[in-house]
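This report refers to the structure that appears directly beneath it.
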Amino acid sequence: MRPSAVRLLNILVPIKRAVDYAVKIRVNPEQTGIDLNVKHSMNPFDEIAVEEAVRIRERLKDAVKSIKVVTIGPPKSAETLRTALAMGADSAIHVEIPESAPAPEPLGVAQTLKALIERQKEGVDVVILGKQAIDDDAGQTGQMLAGLLGWSQATFASKVEVDPEQKAANITREIDGVNFLLFQEPRYASLPNIMKAKKKLVEKLTAVELGVDLTPRLETIQVTEPPKRVGGGKVANVDELLAKLKEAGITGKRA
């Protein structure tokens, strides 16, 4: 959370359009990536981030001035922004890239977010990101953004408590072996809010306008599906099990 002389909080939530979590992923025929001609939706972890931002405003009332969402993606990503606006965000920014452009890498996304934050006239006090995207599972953007801005950060948050008067945030963090995926189950957007979202402001920008280069730094050589698992077998007793292991070249060592 960035110290600010202004009490009212401006919250920014970056979101991503990704292949829907319920879709079975398949490699495309060219083996350059996954097949993208399937249903897309908001990255589930980003839904949780939007939900948390809205709940912070519900708790703090007028202390939160605005919730703004931002995405970097092709024209179809506008649908994802509208979903976030229907959930309760006030306005949105769409950094549009061509449909044929490769997906931005975490560093490029972090640099773009930094440029966006620096051009916000009213400033940005808190940035809430989903912990990772379910398509690349990188989980790097938030850490890179904090490093570029020189801001403090907390990762894998399961609970967020913001104190505007003290200009501080108290974060409860995930621990190994405990899954907080649904610690804030995202709300369903009501029909009236979906209609209202269509009238909310969506600002369109390009990477060029922000002075950011989204050219990938990494090259994907080939993407293949994992080998199919071979079915297991049953054994009648321990002696048969040991014999099977020995045939497979697996031997034990005496302690």
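Predicted model, so just to flag it, every value in this text is computed and none were measured. Numbering of residues begins at 1 and proceeds along the displayed sequence.
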Taking the side chain as every heavy atom from C-beta outward, state whether L116 and V70 have any pair of such atoms under 4.5 Å apart. yes
May I ask you to say whether E118 pairs ionically with K114, meaning some side-chain N is under 4.0 Å from a carboxylate O? yes
Value for CG (L60) from CG (L9), rounded to nearest 0.5 Å, stands at 6.5 Å
**OP:** Examine distances only and state if a side-chain atom of N43 and a backbone atom of Q132 form a donor-acceptor pair shorter than 3.5 Å.
**Re:** yes
- Taking the side chain from R187 and the backbone from G88, do they hold a donor-acceptor pair closer than 3.5 Å? no
Please check: side-chain N/O of D90 versus main-chain N/O of I67, any donor-acceptor pairing under 3.5 Å? yes
K76 and H40: CA distance, side-chain angles, deciding distance, side-chain contact (heavy atoms from CB on, under 4.5 Å) verdict:
CA-CA 9 Å; K76 291 181 180 178; H40 284 62; over 6 Å; no
Mark yes when over 12 heavy atoms from residues, nucleotides or ligands other than K200 sit less than 6.0 Å from its NZ; otherwise mark no. yes
### Message
Could you check whether any side-chain N or O of T71 sits under 3.5 Å from a backbone N or O of I15, counting only pairs where one atom can act as donor and the other as acceptor?
### Response
yes
Please check this pair: side chain of Q222 against backbone of Q31, looking for a donor-acceptor N/O pair closer than 3.5 Å. no
Under the side-chain contact (heavy atoms from CB on, under 4.5 Å) criterion, do R26 and V38 qualify, and how do the steps go? CA-CA 10 Å; R26 299 183 185 278; V38 294; over 6 Å; no
Q: Show your working on side-chain contact (heavy atoms from CB on, under 4.5 Å) between R82 and L85 and close with a plain yes or no.
A: CA-CA 5 Å; R82 293 296 177 190; L85 292 171; 3.7 Å; yes
Full working for side-chain contact (heavy atoms from CB on, under 4.5 Å) between L12 and Q120
CA-CA 10 Å; L12 181 69; Q120 300 304 304; over 6 Å; no
Discussion item. Looking at T32, is its backbone amide N or carbonyl O close enough to the side chain of T220 to form a donor-acceptor pair, meaning the two atoms are under 3.5 Å apart?
Written reply: no
Q) Is there a path from I250 to V235 through hydrophobic residues (I, L, V, M, F, W, Y) whose side chains come within less than 4.5 Å of each other? A) yes
Does atom CG of N237 have more than 12 heavy-atom neighbours from other groups under 6.0 Å away?
yes
#### Entry: Check ion pair E52-R59 (N to O, under 4.0 angstrom)
yes
- Message: If you count every heavy atom of other residues, nucleotides or ligands that lies below 6.0 Å from E99 atom CD, does the total exceed 12?
- Response: yes
For V127 and L129, the nearest pair of non-hydrogen atoms, with its separation, is CG1-CD1, 3.5 Å
Between E105 and R217, is the closest basic N to carboxylate O distance under 4.0 Å?
no
query = Is any side-chain heavy atom of P44 less than 4.5 Å from a side-chain heavy atom of I134?
reply = yes
